[in-house]
Amino acid sequence: MARFLGFLIALAGLAAGLGPARAIESVRVPLDARAIDLTKAIESYHSEGDRLLVSTAPGSDGIVRRIEVRAREEGTRPSWIVFALTNDTSEQIERLIVAPHFRLVGSGVIWPDLGASRISAITASQGFPPERDESADADVFRLTLDPGTTVTYVAELRTPNLPQLNLWEPDAYKDKVTSLALYKGIVIGVAGLLALFLTIVFVVKGAVIFPAAAALAWTVLAYVCIDFGFWSKIFGTEGQSDRIWRAGAETILAATLLVFLFAYLNLNRWHVRASHVATVWLIFLAALVGLAVYDAPVAAGVARISLATIAAVGFVLVLYLAIHGYDRAVMLIPTWFLLLVWIVGAAFTVTGALTNDLVSPALIGGLVLIVMLIGFTIMQNAFVGGALGHGAVSDVERKALALTGSGDTIFDWDVAADRVYVSPEIELQLGLGRGALEGPAAAWLDVLHPQERDRYRACLDAMLEQRRGRINQDFRLRAADGQHFWFRLKARPVVGPDGEVLRIVGSLSDITETKTAEERLLHDAVHDNLTGLPNRELFFDRLEAALAFAQTDSKIRPTVISIDIDRFKQVNEVVGLSAGDSILLTLARRLSRILKPQDTLARLSGDQFAALIVSETETDQITALANVARRVASTPVTFSDREIPLTASIGLALYDPQLHAKREDMLKDAEIAMRHGKRMGGNRIEVFRASMRTLRSDRFGLAADLRRALDRGEMKVFFQPIVRLEDRTVAGFEALLRWEHPRLGRLSPAEFIQVAEETGAIIDLGIFALERTAGELAAWQRALDVDPPIFASVNISSRQLLRHDLLHDVRAVLNRCSVRRGSLKLELTESLVMENPEYAAQMLTRIRELGAGLSLDDFGTGYSSLAYLQRFPFDTIKIDRSFVRQTGNGARPVILRSIVTLAHDLGMEVVAEGAEAESDAIELYQLGCEYAQGYAFGHPISAMEARKLVGAATIAA
C-alpha cells in the first residue's frame with residue numbers, strides 16, 4: 001500500500017511538471033572528519049523546470065519521504081543538486097558546505113570554466129536550512145546535524161556545473177583559509193618584490209631584455225592577484241568581471257612570455273621572418289584581450305593553447321640555438337625546461353588528471369619561481385664581463401674574500417714576539433675592550449674555560465715542537481658577563497728558512513649555536529620534550545644502575561612506582577590537547593616536589609609516569625609515599641577558570657632479587673599492578689603480587705576467553721537481596737554476573753565488563769543475564785503468591801540501550817517467562833541515559849509499555865538533571881552508596897531526605913545501596929526509604945540459595 005501511495009505521489013508530481021524523484025544515498029559524517037568531498041556523492045538535475053520533487057534518503061526509521069523544492073525565481077529553470085548527510089553519533093555536528101567559485105583543477109582547455117557563484121540557496125528536508133556565510137571566493141553555507149538524523153539537502157545552482165563541493169569542519173576550514181592566506185600573501189609579496197626589482201634594474205641598465213622581463217613579472221603579479229582573489233578586494237570586482245580579468249590576464253601572460261623569448265634570444269638577428277611571426281602572434285593575442293570582454297571562456301581557452309605553444313616552440317628554439325653555441329640560450333635551458341614542466345603540470349590540472357586542492361596554489365608558486373629564475377638568468381647575462389667574471393683577482397685577494405665571506409675571524413700568533421692578534425669582532429662579541437685578546441699567548445688562559453686551558457696549551461706546544469701539523473680544536477671563551485661562547489680554532493704553522501716556527505696563522509669560527517644544538521639534541525634524546533622529565537631510556541638506565549647496586553648492597557632496595565591518569569583520553573576530548581599538556585606539566589611539577597633528589601621521576605608515554613625510589617626502603621614508607629602521590633595526582637587542576645577533577649591508578653613493584661633481575665621486569669610488574677588497579681575502578685594503589693602475572697594483562701587473551709565463556713557455562717548469575725525496611729523481608733534481588741574462569745578463578749564484573757563492552761560481547765552477556773533473571777523471577781512468583789510481588793533488577797549497558805533489538809529482546813523474555821508486570825526491572829545509570837536523552841526517553845517509554853520496570857541506578861553521581869528526570873518513566877530510584885556511607889558529614893541526612901522526598905513526589909520508590917550496618921537500615925527507614933541492599937542484608941548468592949532465602953523470608957513474614 002505504501003509503495004502504491006508513493007507511486008501515486010510521484011505520478012502526481014510528474015503531471016504537475018515537477019522533476020523526477022529518485023532516492024539518494026546519504027553520506028555519513030564522523031565527528032573526527034576534517035573535510036569530506038561531496039562532489040561524487042551528489043545527484044545533479046538539469047532542465048527539470050522551476051520545481052523539483054526529490055525522494056529523501058532513508059532516515060533512522062528507514063522511511064523514505066519526498067520533498068518539493070521551488071526555484072527562487074519563476075521561469076529560470078535552474079540546475080539542481082541533491083545530497084544527504086547522516087549523523088549517527090550522539091553529538092550535534094556543525095559543518096560548512098563549501099563550493100569554490102573558481103577551481104583551476106578540471107576547468108578545461110577549450111571554453112574553460114573561469115569561475116562564478118555556484119549556489120543560490122540550499123533547502124533541507126528537516127530542521128533549519130543552512131545559512132550562508134560571507135566569503136569572497138566560495139559559496140559557504142553553515143549547517144547543523146542533530147544526533148541520529150539523516151537530512152537531505154537540495155541546492156539550487158546558478159551555473160549548470162559544480163566543479164567541487166566539500167563538507168568542512170568549521171575550525172579546519174578556518175585553518176585552511178588562514179594557512180592559504182599566509183601562503184598567498186607570501187607569494188604575492190615575492191611576486192611584487194620581483195616585479196619591482198626587475199623594473200628598477202630596467203631603469204638602471206636599460207637593455208631591451210629588462211623591460212620584457214619586468215613586463216612578464218608584472219603580468220605574473222596581476223595573474224597571481226586575480227587567482228588568489230586579491231584583485232577583487234582592491235577593485236571591488238565580482239561575478240562576470242572576474243572572468244574577464246582572468247581571461248585577460250592569461251592572454252597577456254602568453255603575450256609577455258612571447259615578447260621576453262623574442263627579446264632575450266634576440267631572434268630578429270637570426271631571421272627576419274621571426275619578427276613577422278612574433279608581430280602577428282602579438283596582434284592576435286591583443287585581439288584576444290578584446291574578445292575577453294564579450295566571451296571570456298573562448299579568449300581564455302585560446303590563450304591557454306597559445307601559452308603551451310609558446311613554451312613548446314620556445315624550448316625547441318632554445319635547444320637549437322644552444323647546440324649552435326649561443327650563450328644566452330645555454331643559460332636559459334634550465335629555466336625554460338622548468339617552464340615546460342610547469343606547462344605539463346598545468347595541462348594535467350586543467351584537464352582533471354591532477355585533482356589535489358594543493359595543485360593550484362603550487363602552480364601559482366611555481367610560476368613565480370620560474371619568473372624569479374628568469375630574473376636571475378638575465379642578471380647573470382647582464383653583468384657578465386666584469387672584473388670578477390674575468391678572473392682579475394689575485395690568489396691572495398681570493399683567499400681574503402673567501403675568509404670575509406665565510407664569517408670567520410683571523411687568529412695570528414707571532415711566535416718570536418709572543419703576540420697574538422685576533423679580529424676586533426671577537427672582542428666586540430665577548431664584550432671585552434679593544435686589544436684585550438692581543439698580547440702573549442698565555443694571556444688567553446684567563447678567558448678560556450678552565451676545562452680547556454690544558455688542551456689549548458698542549459696544542460700550541462705540540463705545534464712548536466713538531467713544526468708541522470694543523471690545529472682543529474673547539475674552545476670556550478668567557479665573555480665580560482660571565483657567559484661562555486664556543487669557538488673553533490683552525491690554524492697551521494708558518495716555518496722559516498731555519499726550520500723554526502715563525503707564526504701560527506688560522507681562523508676562529510663562532511660555533512656556539514652548533515654546540516647549543518648538539519647539547520639540546522643530547523638532552524632531548526633522554527628527556528621528555530613536554531615536561532623535561534627523563535624519558536623511558538634514561539629511566540631504564542638509572543633503574544639498571546640501581547638494580548646493579550642492589551645486587552652488591554643489601555641495604556639498597558629500589559622500588560618502581562607506575563602512575564597513570566584515569567580516563568585522561570576523555571579529559572583531552574573535553575578540554576582540548578593544549579589543556580591536557582598543561583595538566584601533564586602541572587602533575588609533573590607536583591610529583592617532582594614529593595620526591596627526594598636521589599629518586600627519579602620519568603614520563604614514559606602519554607599520561608603514564610614512573611618513579612624510581614631509592615631514598616626509602618621500608619614498605620610502610622613507600623606505601624605512604626604512594627598515597628601522597630595519589631593525593632597529589634587527584635588534586636583538581638585549574639585551567640582557564642575551570643576546575644578539572646583527576647584521579648590516578650598507581651602500581652608498586654617492590655624489589656625482589658628473584659623476580660627483578662632485569663630492569664624491564666620490574667617496570668612491567670609495576671605496570672601490571674597499575675593496570676590491575678584500573679580494572680578495579682581506578683583511583684587506587686595496588687602492590688604487585690606474583691599472582692597478578694597470571695591475570696593475563698593482555699586484553700586479547702581475556703577477550704578470547706570471554707567469547708567462549710557462555711558456551712562453556714562459565715558465566716553465572718548471582719543475586720544480592722533487596723530488603724523491605726518496614727518488615728525486613730526480602731522484596732527482591734539485583735542480578736550480578738560472575739565469571740567462573742577455569743584458570744583465574746571467580747572474576748567480578750569490574751574485571752571483564754570493560755573488555756566485554758570493547759569487544760561487543762556485552763550484548764550476549766546482557767541477554768544471558770536478562771533471560772536467567774526472568775526465569776528465576778518467574779519461578780519465585782509461581783511459588784510465592786504475595787502482593788506486592790517479588791521483583792528482580794538487571795543492569796543494562798550503553799551498547800544494549802543503543803540497540804534497536806533491545807525492545808525485541810525484552811519482549812521475547814517477557815513473553816517466554818510469565819512474570820508480574822513491572823517486577824522485572826531494568827537498571828540504567830544517569831550517565832547512560834544522558835548520553836542521548838531524546839533517544840533514551842523514547843526507548844524507556846516503549847520498554848515501560850512492554851511491562852518491564854525501570855530503575856535509575858547511582859542517582860546523584862551523574863547529571864542529576866531534574867528536567868530530564870521528569871521525562872524518563874522510571875518507577876524506582878537507587879541512591880548511590882557514596883551518599884549512604886558518608887561519615888562525619890552533617891549534610892548527609894539532609895541530602896538523603898531530599899532525594900527520598902524528590903522520588904516520592906515523582907511517584908517513585910527508593911532503594912538505598914551500601915547499607916553495611918543495622919544503624920544504616922534504621923536511619924534509612926526513618927528517612928522514608930522503602931528498600932535497602934548491602935552487606936548488612938547479605939552478599940550476592942547463587943540462584944539456589946536465593947530460592948531458599950525467599951522461602952525462609954516468606955515463612956518469617
Side-chain angles (χ1 to χ4, degrees), residues 104-110 112 187 190-191 194-195 198 209 212-224 227 246 249-267 270-271 274 277-278 281-282 284-285 288 300-356 358-381:
L104 186 63
V105 176
S107 60
V109 178
I110 301 175
V187 172
V190 172
L194 182 61
L198 291 178
I209 58 175
L216 179 62
W218 284 108
T219 303
V220 169
L221 175 61
Y223 181 77
V224 170
D227 194 84
R246 184 170 284 111
E250 292 181 1
T251 305
I252 297 175
L253 179 62
T256 53
L257 185 64
L258 176 63
V259 171
F260 167 77
L261 181 66
F262 184 88
Y264 181 82
L265 296 180
N266 202 6
L267 293 179
W270 298 98
H271 202 286
V277 172
W281 205 331
L282 286 176
F284 173 72
L285 292 176
L288 281 182
V302 177
R304 292 180 178 184
I305 296 174
S306 298
L307 186 63
T309 304
I310 293 170
V313 173
F315 189 70
V316 174
L317 286 175
V318 169
L319 288 180
Y320 175 81
L321 295 178
I323 293 173
H324 288 76
Y326 190 38
D327 292 337
R328 286 192 177 185
V330 174
M331 289 188 291
L332 193 60
I333 287 177
T335 302
W336 209 264
F337 176 77
L338 289 178
L339 175 62
L340 199 62
V341 172
W342 184 89
I343 291 293
V344 173
F348 282 130
T349 301
V350 298
T351 56
L354 294 177
T355 60
N356 195 296
L358 297 179
V359 172
S360 181
L363 285 175
I364 299 301
L367 183 60
V368 175
L369 176 61
I370 290 172
V371 176
M372 185 181 297
L373 293 178
I374 288 175
F376 291 156
T377 302
I378 64 173
M379 290 294 295
Q380 182 181 5
N381 177 266

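The aromatic rings of Phe337 and Phe315 lie tilted to each other, with the angle between the two planes from 30° to 60°.
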Glu250/Leu307 under side chain to side chain contact (heavy atoms under 4.5 Å, CB included): CA gap, chis, key distance, verdict: CA-CA 8 Å; Glu250 292 181 1; Leu307 186 63; over 6 Å; no

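How far CG of Leu216 is from CG of Leu253: 6.5 Å, rounded to the nearest 0.5 Å. The CG atom of Leu221 lies 11.0 Å from the CG atom of Leu367; values are rounded to the nearest 0.5 Å. Atom CH2 of Trp281 sits about 5.5 Å away from atom OG1 of Thr309, to the nearest 0.5 Å. Thr377 contributes atom OG1, which lies 11.5 Å from atom CD1 of Ile370 (distance to the nearest 0.5 angstrom). With rounding to the nearest 0.5 angstrom, the CD1 atom of Ile310 is 12.0 Å from the CD1 atom of Ile305. Note that CG of Leu332 and CG of Leu319 are 10.0 Å apart. Values are rounded to the nearest 0.5 Å.
Contact record, Ala255 with Leu282: O-CD2, 3.7 Å, taken as the closest heavy-atom pair. Counting all heavy atoms, side chain and backbone alike, Ala311 lies closest to Trp336 at O-NE1, 2.9 Å. Looking at every heavy atom in both residues, Ala322 comes nearest to Ile333 through CB-CD1, 3.6 Å. The two residues Ala254 and Ala303 make their nearest non-hydrogen contact at CB-O, 4.1 Å. Closest approach of Leu363 and Ala346 over heavy atoms only: CD1-CA, 3.9 Å. In plain terms, the two heavy atoms of Leu321 and Ala329 that are nearest each other are CB-CB, 3.7 Å.
Side-chain contact between Val220 and Thr256 is absent, with no heavy atoms from C-beta onward closer than 4.5 Å. Within the 4.5 Å cutoff, no side-chain heavy atoms of Ile252 are placed close to those of Leu285. A 4.5 Å side-chain heavy-atom check between Leu339 and Leu257 finds at least one atom pair inside the cut-off. Two residues are said to be in side-chain contact when any heavy atoms from C-beta on lie closer than 4.5 Å; Leu373 and Pro334 fail this criterion.
Checked against side chain to side chain contact (heavy atoms under 4.5 Å, CB included), Val350 has the following partners two or more places apart in sequence or in another chain: Leu104, Ser107, Val109, Arg304. By the ring-ring contact (aromatic ring centres under 6.0 Å, His included) test, Tyr320 pairs with His324, sequence neighbours left out.
In terms of modelled atom types and a separation under 3.5 Å, the side chain of Trp342 and the main chain of Gly366 share no donor-acceptor contact.
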